[in-house]
Structure formats: C-alpha cells, structure tokens
*Asks:* 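Here it is: the structure, laid out below.
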Amino acid sequence: MLGLEKKDFRLLMIVVVLTMLAPFILNPFPAESALGETFNAGYPDLMQRFVIFGIFAIGFNILFGLTGYLSFGHAAFLGVGSYAAIWMMKLVTLNVIPAIIMGVIFAGIFALAVGYISLRRSGIYFSILTLAFAQMSYALAYSVLTPITGGETGLQIKSTDRPMLSNLEPGEIGRANLFGMDMRTSFELGVGDWLFTFNSGYYIAAFFMLISFYLAIRIFRSPFGTMLRAVKSNQTRMYYTGLNARPYTLAAFVISGMYAGLAGGLLVAMDTQAGPERMFWTASGEVVLMTILGGVGTLIGPVLGAGAIKYMENILSKINKDILHEWFAILPDGIEDFLVTIIYPFVGKGWHLTLGLIFMAVVIFLPGGLVEGGQRIARLFGRKKAKGDGEEATQSTPAE
C-alpha cells in the first residue's frame, strides 16, 4: 500500500499513530502534579521541535546513513531555509506554505553548490569542508550580510512589514498562518486532572514530518538508495566497474539539504524569526548526535534520536535543586542532601553531562542506537525467539 512493503507500511502507520496521539503520550502525569509540571512534554512548542528536528535528522540520515558521508555543516542549510522563509513572509505573504517552499528551494540550491565542491573529497576532508562552509555561512549571516540576515539580532516580522498578499492594518504585526488559520491556534481538552493541548502549528509540522518520513522510506527502498549503499560499502570498487558515484552522492547531499531547508522553514512558520545561531557548528553537531543516538542508517532511528535529545534539553535542563529536594523530602535530611548532591550535576545546567554519558553508552554498547536497543529488548522477551537471534544481538555491529 502506498508503494510500500507490508513491513514498511506497518512502520509508517506506527509513526502516524504516535504522531497524532503525541499530546496524550507526552502528558502521562496530571497537569498540576509535581511529576506533570516536570516531565510532561505535551505542550505545543516542544512537540513542534520534536517533529521539526525529526525532519532535520531524517534528511541528514539520507546522506550519512546511506552514503557514509559525515557532514558537519548541515546547520547551514537549516539557516538558509529559515532566512528564505522569513523573507517570503516579510515581503510576499504570511501563509506558511510559500515560505516553506522557498526554504526548501533555497536550501537545495545552496546544498548543490556546497556539495559540488565538498564531494570532491571524502572522509575527514569532506567533513572539514562542510564544517568550513557552515562556519563561513554563520560568519556571513552574523556580520557581513547583516542587511539581509539582521546580523546578531536576526530577522523577525515587524509592524512596518507589509507583505504584498496581506491586508494588515497600520501598525499591526503579521502572524504566520495557513490560509488564514493562525499557527498558534490551540484546543485544550481536560480529562480529570489531565490537560491535553492540540495545536494547529504542531499538526501542520507533523504532517510535513510524516511526508518526509514516507519519502525517506521510498528512497531507502529504491534502486537509488541501493546505489547509495554501494557507495558506502566500497566506492572504489564502483569506480572500477565503470560507475561514477559522484552524481548519486551529490543528489543525496542536495536531498538532505532540502530536508534541512524544510526544517528551517517550519521553524520560521512556528516562531516567525530567524537568526545566525541556527547555522553555528553546534547545531550541525546536534543533528549528528540525533542520528547516531537513534540509529544511523535506520528509518525511525533519527526521529527517536531527535525526540530523545530535545526531551532532555527541555525537561532535564529545568530540574533544579528545589525540585530535587521536593522529590526526596520524605527521606531523612542527610540522605536527602546526599542524593541531591549526587544527582544535581546531571540535571539543570548539567544536562549535557547526562547526554554525553548516554551517548558514550550507546556508541559502546549499542552501535545501532536506540533502534538496536529496542531490537534487543524485543528479542529478550522472545517475540521472535530463535537462539540465533539472541546471539546476533550481542554483536557490536550497527542496526543497519
């Protein structure tokens, strides 16, 4: 169905269900409870980031997971997509669809230029070239191109902006919309002590994520995807057989860049602003972590990795000493203080330490990322039994 094999169609349906029910799944605790205020993640801003960075990671995985080319500069395409989208909204229309399309187009063109040069080298040289392009892009956006990018403060829609296809009143600040529907529109559903929020912006971003995921499956299962795997397996052998791998790797690079541009356009559609920080090298490193953490070369791994990192970034980082003391208040004072002292370095401002430890554990014990972890658990509970499966699960090879 939809051109997919049964296994892939079932995976797509699982992702659809999880995405649609996210407001319920991410709010497991009552809204007013201490656990709910800390661990509930079902609010619009965070849910939007889950799916948008999921798109970013899916696109990155098409390049890294299939060809093995590790780019350290994909944040440049995220930034270019954001700037293209915000200018479309400032000059032409506040409708998010044209803005997102422009983000994808400009990011694709920029990726074509960067890929054409960077793919003349492989390995670490390719990675350094992409990093150099990203940092040059950041520097240009931060200073030289200030009239276009807004410099350090970035760009946002102002009261003086008058898009051609809008009918704003004098002094009115335009808002991103989808054919008139405000992206911030939300519907709240209260069930007992639980409160669930259904946001239009989230479901629009989720729609694009599902489309992106479906296209990624088609790419993975296509002859084009097979050719990319051959590039990753042994590019030299391909050249010996008369096949030129560069057009395929360049196509993968451009597609990956367009995914990043889509994510950048959606970020603007959500908060109508763009800044140079989105092009900084740390943003490129983040998508690398997302992909490796979830599972390089797997279909759903990048989405899981993006969700895990964004969850820790937004949830663990807000746990402070007061919250820890509240959790352990029932214990004797000495034990309470001891536990708070031990745990506090791993939360709040120290959440990166937790992320680093998790990343190290995944790389050492789960080379296939969270996907391999799920596969091992499934085998452990004997869903597919076979002694051979258990033995295979102990091998330190990627899930791909």
Side-chain angles (χ1 to χ4, degrees), residues 14-54 56-57 184 186-199 201-203 205-206 209 267 270-271 286 289-290 293-295 300-331 335-362 366 369-371 373-374 377:
I14 291 174
V15 175
V16 170
V17 171
L18 293 177
T19 304
M20 294 298 104
L21 299 181
F24 296 103
I25 298 171
L26 296 174
N27 277 331
F29 305 108
E32 301 299 330
S33 67
L35 291 176
E37 292 177 352
T38 302
F39 292 108
N40 280 354
Y43 48 91
D45 181 69
L46 184 53
M47 290 194 299
Q48 289 168 11
R49 291 185 177 278
F50 283 161
V51 294
I52 291 174
F53 281 91
F56 191 17
R184 300 168 302 172
S186 296
F187 167 73
E188 293 186 343
L189 172 65
V191 180
D193 294 331
W194 280 261
L195 181 64
F196 306 104
T197 302
F198 303 89
N199 175 259
Y202 164 71
Y203 280 102
M209 193 276 282
L267 283 175
M270 299 304 117
D271 58 15
E286 190 176 56
L289 293 180
M290 291 174 178
L293 182 63
I300 200 172
V303 180
L304 297 177
I309 289 182
K310 285 301 167 185
Y311 184 86
M312 285 190 286
E313 176 183 331
N314 288 272
I315 301 300
L316 289 185
S317 63
K318 69 180 182 182
I319 298 177
N320 53 37
K321 284 188 176 181
D322 292 337
I323 293 177
L324 292 177
H325 278 293
E326 183 178 346
W327 288 354
F328 303 118
I330 61 174
L331 300 175
I335 297 178
E336 175 185 338
D337 293 339
F338 175 76
L339 290 176
V340 171
T341 302
I342 293 298
I343 296 176
Y344 183 65
F346 298 92
V347 297
K349 295 180 181 179
W351 76 272
H352 284 98
L353 178 58
T354 303
L355 174 62
L357 293 174
I358 293 175
F359 186 74
M360 289 174 56
V362 167
L366 293 174
L370 299 178
V371 171
I377 293 175

*Asks:* Using 0.5 Å steps for rounding, measure from the CG atom of D271 to the CZ atom of R49.
*Replies:* 6.5 Å
*Asks:* Look at the side chain of Y344 and the backbone N and O of G350, then say whether any donor-acceptor pair between them is shorter than 3.5 Å.
*Replies:* no
*Asks:* Give the C-alpha distance, both sets of side-chain angles, the deciding distance and a yes or no for side-chain contact (heavy atoms from CB on, under 4.5 Å) between F328 and I335.
*Replies:* CA-CA 8 Å; F328 303 118; I335 297 178; over 6 Å; no
*Asks:* From the options L18, I25, T19, select the one residue that forms a side chain to side chain contact (heavy atoms under 4.5 Å, CB included) with L21.
*Replies:* I25
*Asks:* Looking at P28 and W194, what are the two nearest heavy atoms and their distance?
*Replies:* O-NE1, 3.3 Å
*Asks:* Would you mind reporting whether W327 and I343 have side-chain heavy atoms less than 4.5 Å apart?
*Replies:* no
*Asks:* Quick one: pull up CG in L293 and CD1 in I358 and give me the separation to the nearest 0.5 Å.
*Replies:* 7.5 Å
*Asks:* Run the side-chain contact (heavy atoms from CB on, under 4.5 Å) test on I319 and F39 for me, step by step, so that the C-alpha distance in whole Å, both residues' side-chain angles and the decisive distance to 0.1 Å come before the verdict.
*Replies:* CA-CA 9 Å; I319 298 177; F39 292 108; 4.3 Å; yes
*Asks:* State, yes or no, whether a side-chain contact exists between L339 and L324 at a heavy-atom distance under 4.5 Å.
*Replies:* no
*Asks:* Looking at every non-hydrogen atom in both residues, tell me the closest pair between S317 and W351 and how far apart they are.
*Replies:* CB-CD1, 3.5 Å
*Asks:* With a 4.5 Å heavy-atom cut-off, do P44 and T197 have their side chains touching?
*Replies:* yes
*Asks:* Going from CG on L289 to CD1 on I309, what distance comes out if it is rounded to the nearest 0.5 angstrom?
*Replies:* 5.0 Å
*Asks:* Please name the pair of heavy atoms, one in G301 and one in V371, separated by the smallest distance, quoted to 0.1 Å.
*Replies:* CA-CG2, 3.5 Å
*Asks:* Taking C-beta and beyond as the side chain, do Q48 and L267 meet within less than 4.5 Å on heavy atoms?
*Replies:* no
*Asks:* Side chains of M290 and K310, heavy atoms from C-beta outward: is any pair under 4.5 Å?
*Replies:* yes
*Asks:* Please determine whether side-chain contact (heavy atoms from CB on, under 4.5 Å) holds for the pair F346 and L357, giving the CA-CA distance in whole Å, both sets of side-chain angles, and the decisive distance to 0.1 Å.
*Replies:* CA-CA 10 Å; F346 298 92; L357 293 174; 3.4 Å; yes
*Asks:* Yes or no on ring-ring contact (aromatic ring centres under 6.0 Å, His included) for F196 and F187, after CA distance, side-chain angles and deciding distance?
*Replies:* CA-CA 8 Å; F196 306 104; F187 167 73; over 10 Å; no
*Asks:* Report yes if the side chains of Y202 and Y43 come closer than 4.5 Å at any heavy-atom pair, otherwise no.
*Replies:* no
*Asks:* With a 4.5 Å cut-off on side-chain heavy atoms, are L46 and I315 touching?
*Replies:* yes
*Asks:* Determine whether a donor-acceptor pair (N or O, by modelled atom type, separation under 3.5 Å) exists between the side chain of N27 and the backbone of N40.
*Replies:* no
*Asks:* Counting C-beta onward and ignoring hydrogens, is there a side-chain heavy-atom pair between M209 and V15 closer than 4.5 Å?
*Replies:* yes
*Asks:* If you look at every heavy atom in Y203 and P23, which pair is closest and at what distance?
*Replies:* OH-CG, 3.4 Å
*Asks:* I need the minimum non-hydrogen distance between E336 and A329, along with the two atoms involved.
*Replies:* OE1-CA, 3.8 Å
*Asks:* Please report the interatomic distance CE(M270) to CZ(R184), rounded to the nearest 0.5 Å.
*Replies:* 12.5 Å
*Asks:* Look at atom CZ of F24 and say whether more than 12 heavy atoms of other residues, nucleotides or ligands are closer to it than 6.0 Å.
*Replies:* yes
*Asks:* How far does CD1 of I52 sit from CE of M47, to the nearest 0.5 angstrom?
*Replies:* 11.5 Å
*Asks:* Could you state the interatomic distance from CD (E37) to CD1 (I323), rounded to the nearest 0.5 Å?
*Replies:* 8.5 Å
*Asks:* For a quick test of reading the model, state the closest non-hydrogen atom pair linking G295 to P302 and the distance between them.
*Replies:* O-CD, 4.0 Å
